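The model shown is predicted, which means the values in this text are computed figures rather than measured ones. Chain letters run A, B, ... following the sequence lines, proteins first and then strands; every chain starts at 1.
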Amino acid sequence: QQQVKQSPQSLIVQKGGISIINCAYENTAFDYFPWYQQFPGKGPALLIAIRPDVSEKKEGRFTISFNKSAKQFSLHIMDSQPGDSATYFCAASTGGTYKYIFGTGTRLKVLA
Amino acid sequence: DAGVIQSPRHEVTEMGQEVTLRCKPISGHNSLFWYRQTMMRGLELLIYFNNNVPIDDSGMPEDRFSAKMPNASFSTLKIQPSEPRDSAVYFCASSPTGHNYGYTFGSGTRLTVV
């Protein structure tokens, strides 16, 4: 019940296309859902985060869509660029706790 | 701000040796985390400190692992003795008190035990 299932494991998208990464969870107590971006040789960096009281959050080309009833959330990268090529991790945590449950990661490659 | 600073960036050591990884969190961040990343297990939380006090070390694999935070600006993760299965990238992260600000990760230490 503590797992966060992430898919796909890898994704190849043409430049200018839309990249979509999905995550699903079971624990309805989760109330904070961040996405992290990791480039090779670097630590994960917070990209965007959402709480379950909203269904969508947009920051530039990055959008989180959240479906509370389905217990799913997804990251959409619009107009994908080669510079977006990285590994993306979704995560979830429960209010008042410090533990993030990370997904297994999606390796995104955007072709020029 | 220089971010979370970890050293060394790379460490190669022989099995049985002691390894010490170091971390300087962002000034003013009261929470510090040590994570381990491997292909097989992904990102695993090893230990969490709040205000220099270890709060949860349930992720520490075994007694060979120990972590300290003697002050607000420094933490160490020690492995003694090291084993090949400890080979991984170890990340330190910090955040302001109140976790929902997101973690800031360091660049990690890639440990190879041969």
Side-chain angles (χ1 to χ4, degrees), chain A residues 2-10 21 23-25 27 29-54 57 59 62 64 66 73 75 86-108, chain B residues 1-10 21 23-26 29-51 53-60 88-111:
Chain A
Q2 285 290 77
Q3 281 186 326
V4 176
K5 295 182 179 179
Q6 184 171 348
S7 64
Q9 191 173 19
S10 62
I21 304 170
C23 285
Y25 63 97
N27 187 351
F30 286 148
D31 63 356
Y32 180 69
F33 302 89
W35 284 89
Y36 280 80
Q37 179 187 55
Q38 185 179 26
F39 293 105
K42 301 291 187 182
L46 180 63
L47 188 63
I48 187 173
I50 197 168
R51 298 183 188 279
D53 52 346
V54 296
K57 183 174 182 180
E59 289 186 3
F62 300 91
I64 300 178
F66 187 82
F73 58 110
L75 176 69
T87 300
Y88 293 81
F89 294 91
C90 63
S93 70
T94 308
T97 73
Y98 50 87
K99 272 186 175 177
Y100 284 9
I101 307 298
F102 282 92
T104 51
T106 296
R107 183 171 292 184
L108 171 66
Chain B
D1 196 323
V4 176
I5 300 173
Q6 290 186 247
S7 63
R9 287 299 312 276
H10 303 274
L21 311 182
C23 174
K24 176 179 169 56
I26 291 174
H29 282 193
N30 296 333
S31 296
L32 184 137
F33 310 85
W34 282 99
Y35 273 84
R36 179 171 67 176
Q37 186 176 39
T38 61
M39 289 296 294
M40 290 297 294
R41 301 174 68 93
L43 279 160
E44 301 175 278
L45 177 64
L46 300 177
I47 188 168
Y48 159 59
F49 290 88
N50 189 48
N51 292 325
V53 176
I55 303 299
D56 183 354
D57 65 356
S58 61
M60 297 286 262
V89 181
Y90 291 81
F91 289 104
C92 176
S94 69
S95 75
T97 298
H99 71 296
N100 285 343
Y101 295 94
Y103 298 165
T104 300
F105 282 84
S107 294
T109 295
R110 181 175 293 277
L111 174 64

Check: How about A/Q9: does its CD atom have over 12 heavy atoms from other parts shown lying under 6.0 Å from it?
Finding: no
If one checks every heavy atom of B/R110 against chain A at 4.5 Å, the contacting part turns out to be neither
- Task: Report yes if the side chains of A/P44 and B/F91 come closer than 4.5 Å at any heavy-atom pair, otherwise no.
- Result: yes
Legend entry - side chain to side chain contact (heavy atoms under 4.5 Å, CB included) between A/F102 and B/Q37, intermediate numbers included: CA-CA 11 Å; A/F102 282 92; B/Q37 186 176 39; over 6 Å; no
What do you reckon, is CZ of A/R107 surrounded by more than 12 foreign heavy atoms closer than 6.0 Å? no
* Ignoring hydrogens and geometry, is there a side-chain-to-backbone donor-acceptor pair from A/Y36 to B/Y103 under 3.5 Å? -> yes
Between the CE atom in B/M39 and the OG1 atom in A/T104, the distance rounded to the nearest 0.5 Å is 10.0 Å
Okay, B/T109 and chain A: the region with an atom under 4.5 Å from a heavy atom over there is neither
Chain A shares the most heavy-atom pairs under 4.5 Å, among B/G108, B/S107, B/A93, with B/S107
